[in-house]
Amino acid sequence: MNNNLLPRWKQPLIVFILGFFLIFLTQNLLKVALFQYELYHRLNLNNQIIEPSNLLLNTGVKTLDSNLYPSDKKEIFSLSGMGNLITKLTFTCSKHDIKEMRIANDMSTNITFLGLITPNISCSIYGLHSPIGANYKSQNAITLDNYTITPYLGSRIKIIRHFPNNSYLITITDPLNRQLYFNNTDESNVVITLSHKDKSIDIQSKINPNTYYHQFREKLTNNIYLDLYVTPKGLTDIVHSELGIVNILLSLFIFIICLFLGLRPQQRTIKMAIDRGLKKREFIPYYQPIINSVTGSIIGCESLLRWCKANGEIISPAIFINIAEQNKQIYEITDLLISQVAEDLSKLTNIHDNFYISINVIPRQLQNQTFATKLLATLSSAQVSNHRVAIEVTERTQFTNVTSAKEVMQRLIDHGISIKLDDAGTGFGGFSYFQELPISTLKIDKMFIDTIGTCDVKANILNAIISFGKEAKLTMIAEGVETQEQVNYLRDQGVFLIQGFYYAKPMPFSDLEKYINNNLKKDNH
């Protein structure tokens, strides 16, 4: 169980670390997104800012000309709770007018004050006489049609509505900073402005010129924009509560994903699928030719395991081979593979005497005499000469009993089956295997072939492997060869046996037969 613990939780652990690192990297983006979200929903654009209004129509005062206010006019700030206030006003500051203004103020969620000023009298929600007048500084105001918008104390907005009889309706909003963001921060951390064309007025402005600001902009009407400039500290102060909740939710989401990845029954699922595949004989060999680069002749093939499902899907061994080895299903898979290779060999007639097909096995199999017995029996049953088969053993898995392995290998060699070391230089044994075990052929891994023509330090290892092979009088086969440059380099180094895409990709047996026939025609020519 301990051996499976690290592989099972390795991927979830990586996902866990990367997930939290990503959360850390995106903190500023999350802050900006949260602030923008809050800003948009606080403004409630669809319902408060640009909704059509008929408040200016039919005021009920004979001196007002309703033709001056067409029906498609929109309010600059259609403040909630205003309703049809203007249509109910008599513009005489009567008790009725004061009552209607108070009702509108009470119904509103964002109005602090309402006042009415006429040429003869003024009144407000506080009674007769309005404490706030219609005066303003033109340089700090936006005038649009019959509206004037100007800042007021404490981040408020003063909206003056002008009527043709020299009457004014004064509206003071609640502090805009309380409407635009939930949490408190120092006023110097947030600058609020309204912009109309080339003119901008400051609603809240205590600017520190040395502070970097994030800019947010929302469109209020076709011509008016609300701009906010927020310092990094202000951004953190305002969204810290929401950011904490989001971080907790994201962390929980990552934890659940990692838990799912770690506890998913992957191995059991694949093990069951392999069992079904064995019963259906879905594991078959693909063959990749090995070519003599000097003569162009095919000298043999390596059989490569493929899982071909009934629906035509081909699954690479990289997905299932480790699980098959852990569950000892690899033995049955290898038996099936050997049986199919022997059957295919029995069908080949146009091949030279030294042609062979190599089969990959793991070190544990070569430590067991039963493996050798079954292999020899299978070849005999298929009436295939033993020398037509070679065994490739990878050093990526360690021999646990070199003495037993040597005995099994020698038995196979005595019966004409050669032994080759696959993936040389990439695993446990290294070149010590050639001193301890009767191995006659060295296969150079693609990892080293890819260094040809590059400055990779492994290029020196490639040359060392080739030198060792020559010194030990070993047959050398280069795997994963893909270019003419690699072929030429290997030929110059005395490595003539080539396996790789340059000559041929792994192919099913039907394609191999055609490939061999074409190769023979070239030889005869």
Side-chain angles (χ1 to χ4, degrees), residues 4 7-12 14-15 256-290 298 300-348 357-362 364-365 371 374-375 378 381-382 384 389 392 394 396-397 422-423 446 479-480 482 499-518:
N4 295 328
R8 172 182 285 273
W9 291 102
K10 181 179 180 181
Q11 183 187 30
I14 293 173
V15 172
I256 292 173
I257 289 178
C258 294
L259 200 62
F260 171 77
L261 291 174
L263 297 179
R264 60 180 175 173
Q266 178 184 18
Q267 185 170 354
R268 178 177 174 82
T269 302
I270 295 179
K271 179 181 181 297
M272 294 171 63
I274 291 174
D275 286 334
R276 290 194 296 268
L278 284 167
K279 291 178 181 178
K280 296 178 181 180
R281 300 179 68 86
E282 293 177 345
F283 296 93
I284 64 171
Y286 267 45
Y287 299 98
Q288 187 169 34
I290 300 171
I298 180 171
C301 295
E302 179 183 357
S303 62
L304 300 167
L305 179 63
R306 294 292 184 269
W307 186 355
C308 297
K309 305 196 77 173
N311 60 5
E313 179 186 4
I314 299 178
I315 302 176
S316 169
I319 297 177
F320 66 87
I321 200 69
N322 287 336
I323 294 177
E325 290 181 7
Q326 291 174 17
N327 293 293
K328 298 183 180 180
Q329 295 167 304
I330 192 64
Y331 300 123
E332 193 172 351
I333 291 175
T334 304
D335 291 342
L336 184 60
L337 190 67
I338 290 173
S339 176
Q340 187 62 57
V341 169
E343 182 181 339
D344 291 342
L345 272 169
S346 67
K347 298 175 184 178
L348 293 175
I357 295 179
S358 62
I359 300 171
N360 289 282
V361 301
I362 61 174
R364 280 186 294 176
Q365 290 171 292
F371 168 77
K374 292 174 69 174
L375 172 60
T378 300
S381 176
V384 173
V389 171
E392 290 190 18
T394 178
R396 291 182 180 175
T397 306
D422 195 16
D423 307 322
K446 184 180 186 298
E479 293 185 295
E482 298 179 352
Q499 178 183 339
F501 282 18
Y502 179 76
Y503 284 111
K505 296 181 179 180
M507 61 189 74
F509 179 70
S510 57
D511 291 343
L512 176 65
E513 288 182 297
K514 297 174 184 177
Y515 187 90
I516 291 174
N517 291 332
N518 290 335

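All residue numbers refer to positions in the sequence shown, counting from 1. Heavy atoms only: backbone and side chains are in, while hydrogens, waters and symmetry mates are out. These numbers come from a predicted model, not from an experiment.
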For residues 331-342, which side-chain N or O atoms pair as donor and acceptor with protein atoms under 3.5 Å away, sequence neighbours left out?
unit_1 : atom_1 : unit_2 : atom_2 : d
T334   : OG1    : I330   : O      : 2.7
T334   : OG1    : Q365   : NE2    : 3.1
D335   : OD2    : K374   : NZ     : 2.5
Q340   : NE2    : D344   : OD1    : 3.1

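Separation of atoms CD1 (I314) and SG (C308) is listed at 4.5 Å; rounding is to 0.5 Å. Interatomic distance, CG of L304 versus CD1 of I359, reported as 11.5 Å (0.5 Å rounding).
Between L512 and P289, the shortest heavy-atom contact is CD1-CG, 4.4 Å. The minimum heavy-atom distance linking P508 with Y287 is given by the pair C-CD1, 4.5 Å. A382 and S346 get closest at one heavy-atom pair: O-CB, 3.7 Å. Nearest heavy atoms, N360 versus S303: ND2-O, 3.3 Å.
Residues forming a side-chain hydrogen bond (donor to acceptor under 3.5 Å, both in side chains) with S358 (at least two apart in sequence, or on another chain): E392. Every residue two or more places apart in sequence or in another chain was checked for a side-chain hydrogen bond (donor to acceptor under 3.5 Å, both in side chains) with Y515, and none qualifies. Among residues two or more places apart in sequence or in another chain, the ring-ring contact (aromatic ring centres under 6.0 Å, His included) test is passed with F320 by F283, W307. For the side-chain hydrogen bond (donor to acceptor under 3.5 Å, both in side chains) test, residues two or more places apart in sequence or in another chain that qualify with D275 are Q329. K347 pairs by the salt bridge (Lys or Arg N to Asp or Glu O under 4.0 Å) definition with E343, not counting sequence neighbours. For L348, the side chain to side chain contact (heavy atoms under 4.5 Å, CB included) criterion is met by L345, I351, F355, F509, E513, I516, not counting sequence neighbours. In this structure, the side-chain hydrogen bond (donor to acceptor under 3.5 Å, both in side chains) partners of Q288, at least two apart in sequence or on a different chain, are Q499. Residues that satisfy the salt bridge (Lys or Arg N to Asp or Glu O under 4.0 Å) test with E282, not counting sequence neighbours, are absent from this structure.
Residues K446 and E482 are paired through a salt bridge, judged by an N-O separation under 4.0 Å between the basic side chain and the carboxylate.
A donor-acceptor distance shorter than 3.5 angstrom exists from the side chain of R364 to the backbone of E325, with no hydrogens or angles considered.
Pairs engaging residues 306-320 under the salt bridge (Lys or Arg N to Asp or Glu O under 4.0 Å) rule: none recorded [sequence neighbours left out].
Looking only at side-chain heavy atoms (C-beta outward), E302 and P506 stay at 4.5 Å or farther from each other.
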